[in-house]
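So the structure is just underneath, and the comments pick up after that.
A quick note: this is a predicted structure, and the numbers were derived from the prediction, not measured.
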Amino acid sequence: MTGDRILDHTLAGRVRSAAEAAELIRHGESVGFSGFTGAGHPKAVPGALAERMRAAHEAGEEFRVQAWTGASTAPDVDGVLADAHGFSKRLPYNGDPALRQQINSGEVEYIDVHLSHVAQHSWFGFYGDLDVAVVEVAAILPNGLLVPSSSVGNNKTWLENADRVILEVNSWQPRGFEGFHDIYYGTRLPPQRAPIQLTTPMQRIGDPYLRVDPEKVVAVVETDQPDRNSPLKAVDEDCRAMADLLVDFLRHEVRHDRLHPSLLPLQAGVGNIANAVLIGLQEAEFEHLTAYTETIQDGLLDLLDSGKLIGVSATSFGLSEAGARRFNDDVHHYKGRILLRPQEISNHPELVRRLGLIAINGMVEADIYGNVNSTHVAGSSIVNGIGGSGDFARNAYLNFFVSPSTAKDGAISSIVPFASHVDHSEHDVQVLITEQGIADLRGLSPRARARRIIENCAHPDYRDRLTDYFERAQRARPDAMHTPHLLDEALSWHRSLVETGHM
């Protein structure tokens, strides 16, 4: 593979095995791994590192690292390192079941961070020094420039800030990726910051390549392994209902001249509900759409192929196996219509607000006043993390939070008296959707919000109890009617869930 993908003579001389490269990572170090939502992560070095960790633990020695990434990765990174009990700290997002258990048990410290903040916090020194970067690329050019692979994430920052760099060159990634990326190198630290000159989703403001100081590259590892390529679930009745409600709401906004018939740039979180919304847009009348988002799912490829979507800017792919095969087999078909950027740009609040995004994200629960919990079960157990939802929701032109009204066969209501954890306060939440209906909260006072959320979004099995709570809260404190609560029972539903498994 070296002749096809590693064209710089100096770096070609540093080709090592994954085991040899892993020897260069030491206990206690901070390691920046590439990877965002199962795409573009290193495939070989983390596994070799995990083997070293297991051997050290069997010998009675401690061997753990702090791991920084773009978002979630895959079993090749989070899975193998969690199985080896190799994490001491992890940021900014997780998606692996074993790692999640270790975070919730207290074994691993977890820093849940807005994805737009990670790069700048690294530059500010908030996390300490970055010792090693392990970054996947599609190719190394003769001049040492790097062709990024299927995600960008925080790779630019890791390559710049790390003391040592290990590159994985993956021949599974299309060589045709060259030209798909827009790597912005204009970021400065306060007080030298300047406006980012991006005014349309597909505008280029950077370079097609990543840069690295060749003196820092201590190993180059050759791989030929696929991304995670998560399978998509079939769109169920509830997802279809929520997608239909959202699309109808967009039609309503167009009719009232609050949206153009081509809408505004779309952002859709990862998951089955978001993909259902994209399918709904495929069937709707809207044309000449654009997207400015984090992750490209199969639904966005479908919209590109149909011509409904004219371009998508993101930081990563998040395709199914079939979607990845479709893209890889016809990569040149998508060139010029897909741009991958660093997540500090894809999620940048300044750009989100300037472009006027329509943001669509999932939630764990919302309370009757519109506070949204995206991250925790019963207030204490982390699920994945806030990801980019805060970056987009607070700064979007229009934001939606979407969830089925119940979970665990009706044992859990997603509409509760008081959210057990708040990621998005009522001030940042505009529209809630469940399969029961839609609650437009714009311009409403807290009590008006409560009535609309209960009537439109709560499941019938819980609606009367929510109404009862709300009415009793108003009677109990006539001198505190702005956001009335019964403090002794506001979290009683969650207490019941913990004690009995049912709300």
| said: Testing the 3.5 Å rule here: is there a donor-acceptor pair between the side chains of N371 and S425? | reply: no
| Donor-acceptor side-chain pairing of Q66 and S88 below 3.5 angstrom | no
| Judged by modelled atom types alone, do Q267 and N399 share a side-chain donor-acceptor pair under 3.5 Å? | no
| query | Is there a donor-acceptor contact under 3.5 Å linking the side chains of R341 and S313? | reply | yes
| request: Kindly indicate whether a cation-pi arrangement holds for R188 with W123, taking the cut-offs as under 6.0 Å to the six-membered ring centre and within 45° of the axis. | output: no
| Test side-chain hydrogen bond (donor to acceptor under 3.5 Å, both in side chains) applied to D423 and T375, step by step | CA-CA 7 Å; D423 294 292; T375 58; 2.8 Å; yes
| said: Salt bridge or not between E455 and R449? Use side-chain N to carboxylate O under 4.0 Å. | reply: no
| query | Between F400 and F249, does the ring centre distance come in under 6.0 Å? | reply | yes
| message | Using salt bridge (Lys or Arg N to Asp or Glu O under 4.0 Å), reason through D479 and R477 one step at a time and then give a plain yes or no. | response | CA-CA 5 Å; D479 61 335; R477 290 292 304 275; 3.0 Å; yes
| query | Are side-chain N/O atoms of E471 and T467 paired as donor and acceptor at under 3.5 Å? | reply | no
| said: Regarding D468 and R472, does a basic nitrogen lie under 4.0 Å from an acidic carboxylate oxygen? | reply: yes
| field | Donor + acceptor pair across side chains of N361, S389 (<3.5 Å) | value | no
| Just checking, is any N or O donor in the side chain of S72 or N94 under 3.5 Å from an acceptor N or O on the other one? | no
| task | Could you please spell out the steps behind the side-chain hydrogen bond (donor to acceptor under 3.5 Å, both in side chains) verdict for S116 and Q343? | result | CA-CA 6 Å; S116 69; Q343 70 191 62; over 6 Å; no
| Presence of salt bridge, K43 and D227, under 4.0 angstrom | yes
| task | Classify the side-chain pair H485/Y369 by whether it contains a donor and acceptor separated by less than 3.5 Å. | result | no
| message | Assess whether a salt bridge exists between E62 and R64, defined as any Lys/Arg side-chain N lying under 4.0 Å from an Asp/Glu carboxylate O. | response | yes
| task | Heavy atoms only: give me the nearest G385-D112 pair and the separation to one decimal. | result | CA-OD1, 3.3 Å
| query | Any side-chain heavy-atom pair from Y184 and I196 closer than 4.5 angstrom? | reply | yes
| Should the pair D302-R326 be classified as a salt bridge under the 4.0 Å nitrogen-to-oxygen rule? | yes
| query | Do S405 and E435 have side-chain N/O donor and acceptor atoms under 3.5 Å apart? | reply | yes
| task | Classify the side-chain pair E365/H494 by whether it contains a donor and acceptor separated by less than 3.5 Å. | result | yes
| query | Is the shortest side-chain N to carboxylate O distance from R90 to E107 below 4.0 Å? | reply | no
| query | Side chains of N155 and S34: do they bring a donor and an acceptor to under 3.5 Å? | reply | no
| Any L441 side-chain heavy atom under 4.5 Å of V429 side chain | yes
| N347 side chain vs E344 backbone, donor-acceptor pair below 3.5 Å | no
| Non-hydrogen atoms of N104 and S381 that approach each other most closely | OD1-CA, 3.3 Å
